[in-house]
There are 2 protein chains.
Amino acid sequence: MENVKHQRMTRQRRIVLEEVRRLDNHPTADEVYRAVRAHLPKISLGTVYRNLDVLSESGAIGKVETLGSQYRFDGNTEDHFHVRCVECGRIDDLEAVDVRVPEALVEEVSEYQFVGYRLEFVGVCPACRERRPQHE
Amino acid sequence: MENVKHQRMTRQRRIVLEEVRRLDNHPTADEVYRAVRAHLPKISLGTVYRNLDVLSESGAIGKVETLGSQYRFDGNTEDHFHVRCVECGRIDDLEAVDVRVPEALVEEVSEYQFVGYRLEFVGVCPACRERRPQHE
DNA sequence: CTAACTGCAAAAGCTTTGCTTTTCA
DNA sequence: TGAAAAGCAAAGCTTTTGCAGTTAG
């Protein structure tokens with residue numbers, strides 16, 4: 001069935017992609033928007049959303065579903081975990097972490113068919129630790 | 001310092017609490033609202049939100065931060081994991097699962113001070129499996 | 001050429017908030 | 001009786017969508 005939609009590499013899409021890849025801080029849609037406007041001052045927020053959608057759908061970028069009310073995007077498409085700072089919401093990659101969650105468990109203790117799991121670490125980032133030395 | 005705020009057990013708050021405990025499906029704020037209105041037809045959505053906030057802040061109920069755009073609430077305040085259905089968004093408890101994520105790892109591979117982690121399982125619930133037998 | 005995409009603005013979905021009145025303790 | 005909470009409605013914030021005009025291929 002040839003119902004695949006052709007996609008074009010427009011200037012807008014290319015720059016959205018470039019900026020998500022360049023920004024290393026897992027930007028929100030709005031942060032991408034602001035970064036892209038430095039190159040394309042007339043781009044609209046709707047276009048940024050649509051492109052973030054297309055790009056993450058196609059796997060060119062990652063869509064990080066984390067706590068909070070906003071999506072975040074990720075230029076690093078390799079499989080990896082994230083740490084989120086409880087204080088400021090910053091998100092960083094955890095490259096070397098190798099966690100193995102027992103998949104069989106889910107089907108043993110529930111009626112669900114296992115599909116996957118989402119694991120996110122929570123911590124205090126260096127900047128926030130400095131701000132509150134003992135982190136009481 | 002005596003800046004602790006007194007809290008009152010109003011009729012509204014009590015019924016919100018009762019309904020969250022009674023509903024076993026991790027209801028959204030709106031689902032709680034609809035359930036509570038069966039007892040208090042005049043309650044406002046804002047009051048439900050404020051009470052869900054107070055109750056989860058105090059630990060009387062759980063606030064499930066999951067994928068998607070809505071918060072969900074949980075009458076079960078014991079430590080446990082959740083499975084979320086990819087198809088319909090339903091959330092269930094996984095009582096017996098015992099997963100141990102290596103906490104030290106985070107501080108070894110990053111500058112973050114470890115605080116915790118969030119783990120959520122993803123699967124296909126019985127109802128949705130039936131709807132799509134092979135789940136292709 | 002034309003399907004895909006953009007810009008703009010309006011709408012949608014969920015949650016929060018301001019204000020006045022009511023109520024719990 | 002006074003601080004806390006309710007009710008109502010408006011505002012807020014992020015994301016989505018409709019539509020007319022533009023553009024990549």
Side-chain angles (χ1 to χ4, degrees), chain A residues 1-20 26-58 60-74 89 91, chain B residues 1-20 26-58 60-74 89 91:
Chain A
M1 317 127 184
E2 265 296 359
N3 42 14
V4 188
K5 234 189 187 182
H6 271 234
Q7 287 184 2
R8 294 176 184 169
M9 185 48 71
T10 60
R11 212 151 21 107
Q12 289 85 341
R13 182 162 303 164
R14 181 171 48 77
I15 294 182
V16 166
L17 177 56
E18 282 171 12
E19 290 303 303
V20 173
H26 306 76
T28 62
D30 196 67
E31 285 164 354
V32 175
Y33 174 53
R34 289 205 294 275
V36 169
R37 268 198 307 184
H39 301 88
L40 294 173
K42 314 295 279 299
I43 199 172
S44 79
L45 184 56
T47 297
V48 171
Y49 270 101
R50 276 188 275 234
N51 279 320
L52 288 171
D53 228 54
V54 170
L55 291 168
S56 60
E57 207 68 37
S58 77
I61 63 176
K63 188 171 189 176
V64 186
E65 276 123 350
T66 174
L67 246 161
S69 52
Q70 284 173 87
Y71 285 114
R72 288 174 173 276
F73 299 87
D74 192 348
I91 292 177
Chain B
M1 318 133 178
E2 265 295 0
N3 43 15
V4 189
K5 233 189 187 182
H6 272 234
Q7 286 184 2
R8 295 177 184 168
M9 184 49 71
T10 59
R11 213 152 19 108
Q12 289 84 344
R13 182 162 302 163
R14 180 172 48 76
I15 294 181
V16 166
L17 176 56
E18 283 170 11
E19 289 305 301
V20 172
H26 305 76
T28 61
D30 196 67
E31 284 164 356
V32 175
Y33 174 53
R34 290 205 294 275
V36 169
R37 269 198 307 185
H39 302 87
L40 294 173
K42 316 293 279 297
I43 199 171
S44 79
L45 184 56
T47 295
V48 171
Y49 270 102
R50 274 188 275 237
N51 278 320
L52 288 171
D53 228 54
V54 170
L55 291 168
S56 60
E57 207 68 38
S58 76
I61 64 174
K63 189 171 188 174
V64 186
E65 276 122 350
T66 175
L67 248 159
S69 52
Q70 283 174 89
Y71 285 114
R72 287 174 173 275
F73 299 87
D74 192 348
I91 292 178

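Every chain is numbered from 1 and lettered A, B, ... according to where its sequence line falls, protein lines coming before strand lines. Worth knowing before you read on, the calculation uses all heavy atoms, side chains too, and leaves out hydrogens, waters and symmetry mates.
Note: CZ (A:Arg37) to P (C:dC8) measures 11 Å, nearest angstrom. To the nearest angstrom, P of D:dA24 lies 13 Å from CG of A:Asn51. Atom-to-atom, CG of B:Leu52 to C1' of D:dA6 comes out at 14 Å; the value is rounded to the nearest Å. The interatomic distance linking A:Ile15 (CD1) with C:dT6 (P) rounds to 11 Å, in whole Å. Rounded to an integer number of Å, the gap from CD of B:Glu57 to P of C:dT15 is 16 Å. One can place CD of B:Glu31 at 11 Å from P of C:dT15, the figure rounded to the nearest angstrom.
Rounding to the nearest 0.5 angstrom, the gap separating the CG atom in A:Leu17 from the OG atom in A:Ser56 is 11.5 Å. Atom CD of A:Glu31 and atom CD of A:Gln70 lie 7.5 Å apart (nearest 0.5 Å).
The side chain to side chain donor-acceptor pair (under 3.5 Å) check on A:Arg14 picks up A:Glu18, with sequence neighbours excluded. In this structure A:Arg34 satisfies the salt bridge (charged side-chain N to carboxylate O under 4.0 Å, His left out) test together with A:Asp30, sequence neighbours excluded.
Comparing A:His6 and A:Leu40 by the nucleotide of DNA chain C whose heavy atom lies nearest to each, the residue mapping closer to the 5' end is A:His6.
Of the residues listed (A:Arg13, A:Gln12, A:Glu19), the one engaging A:Ile15 in a side chain to side chain contact (heavy atoms under 4.5 Å, CB included) is A:Glu19, and it is the only one. A side chain to side chain contact (heavy atoms under 4.5 Å, CB included) with B:Val16 is found for exactly one of B:Val54, B:Val36, B:Ile61, namely B:Val36.
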Cut-off 3.5 Å, no hydrogens considered: what does the side-chain donor-acceptor table look like for residues 41-50 of chain A, sequence neighbours left out?
{"residue": "A:Ser44", "atom": "OG", "partner": "A:Thr47", "partner atom": "N", "Å": "3.2"}
{"residue": "A:Ser44", "atom": "OG", "partner": "A:Thr47", "partner atom": "OG1", "Å": "3.1"}

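At least one donor-acceptor pair closer than 3.5 Å links the side chain of A:Arg72 to the backbone N or O of A:His26.
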Quiz item: Which letters describe nucleotides 10-20 of chain D, given B = protein heavy atom under 4.0 Å from base, S = only from sugar-phosphate, - = neither?
Solution: ----SBBBB--
Self-check item: Under 4.0 Å protein heavy-atom contact, by nucleotide of nucleotides 20-25 of chain C - B base, S sugar-phosphate only
Solution: ---BBS
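Bending across the helix from C:dC1-D:dG25 to C:dA25-D:dT1, expressed as the angle between its end axes from five pairs apiece, amounts to 40° (10° rounding).
Between B:Phe73 and B:Leu52, the closest heavy-atom pair is CE1-CD1, 3.6 Å. The heavy-atom pair separating B:Val32 from B:Pro27 by the smallest distance is CG2-CG, 3.6 Å.
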